[in-house]
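Order of the sequence lines fixes the chain letters, A, B, ..., with proteins taken first and strands second; residue numbering starts at 1 for each chain. These numbers were taken from a predicted model, which means no experiment stands behind them.
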Amino acid sequence: MEDKIVKTITRIIIPFIQLYGIFIILHGHVSPGGGFSGGALIGTSLILLTLVFGIDKAKRKIPHNVSEIIESGGMMVFVAIGIVGLALGGNFLANIETGFPLGEPGTILSAGMIPLLMIAIGIKVASTMNSLFHLLIEGEIHEDN
Amino acid sequence: MGIVNVIIIVFLIVCAIAVARTRDLLSAVIIFSAYSLMMSVLWLLLKSPDVALTEAAVGAGITTILFVAVISRTRRYEK
């Protein structure tokens, strides 16, 4: 797409979308939202980047193998935090019994390990949305459309 | 609050019937996006802001983009 207005507006608006997504992820345990909603917002900003600047430039920013590693890494962090609760003598994903610092209620640094889980889920969802869209639109277009 | 809910629900029913009846798949996707946006407003009025946020991000954003991408790979009009 060779439209200067669309490119300029996109370049201005993408950091705000991503900042809003990070805000929703980090406030997942004290306000509405959470890992999935914030991750979907960040994934939408990456899809907007792909739509406006083309698949080649987006792939140069986030290649496929990096996206796969980030995806699997988010899931692995989630399982590892759950196993910490299991190893310290509680259930899977046990929070208070295993002595995570609870902090002050109502602030960001509270609720034990839930912010870490939210960050892991957000990274995984954003990367999944991005690679899903890249897998759909890459490759050649068939002639019978 | 009741009259606004009734107006939104009537709009949702009209949108759902229009999505099922139209032959142009791109129009159906856009109507479905409007349905999703109104559904998000309805979730907000029903005091469920978490679901409203997810509906606005996934239903109106990502689902529409994925459907348009699939239509660009296949044909636009229903046989």
Which answer fits Leu48(A), side chain, backbone, both or neither, if we ask what part of it has an atom under 4.5 Å from a heavy atom of chain B?
->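 It is neither, since no heavy atom gets under 4.5 Å.
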How many angstroms lie between [atom1] in [X] and [atom2] in [Y], if you round to the nearest 0.5 Å?
X	Y	atom1	atom2	value
Leu66(B)	Leu136(A)	CG	CG	6.0 Å
Asp50(B)	Phe36(A)	CG	CZ	11.0 Å
Ile65(B)	Leu51(A)	CD1	CG	6.0 Å

Quick one: closest heavy-atom pair of Ala40(A) and Val58(B), and the distance?
->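 Minimum heavy-atom contact is CB-CG2, 4.0 Å.
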Taking every non-hydrogen atom, the tightest pair across Ser37(A) and Thr54(B) =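 Residues Ser37(A) and Thr54(B), closest heavy atoms: OG-OG1, 2.9 Å.
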Joint cluster assignment, Leu37(B) & Leu46(B), ILVMFWY side-chain distance < 4.5 Å |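 Cluster IDs for Leu37(B) and Leu46(B) differ.
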Look at atom [atom1] of [X] and say whether more than 12 heavy atoms of other residues, nucleotides or ligands are closer to it than 6.0 Å.
X	atom1	answer
Phe133(A)	CZ	yes
Met76(A)	CE	no
Ile13(A)	CD1	no
Tyr20(A)	OH	no

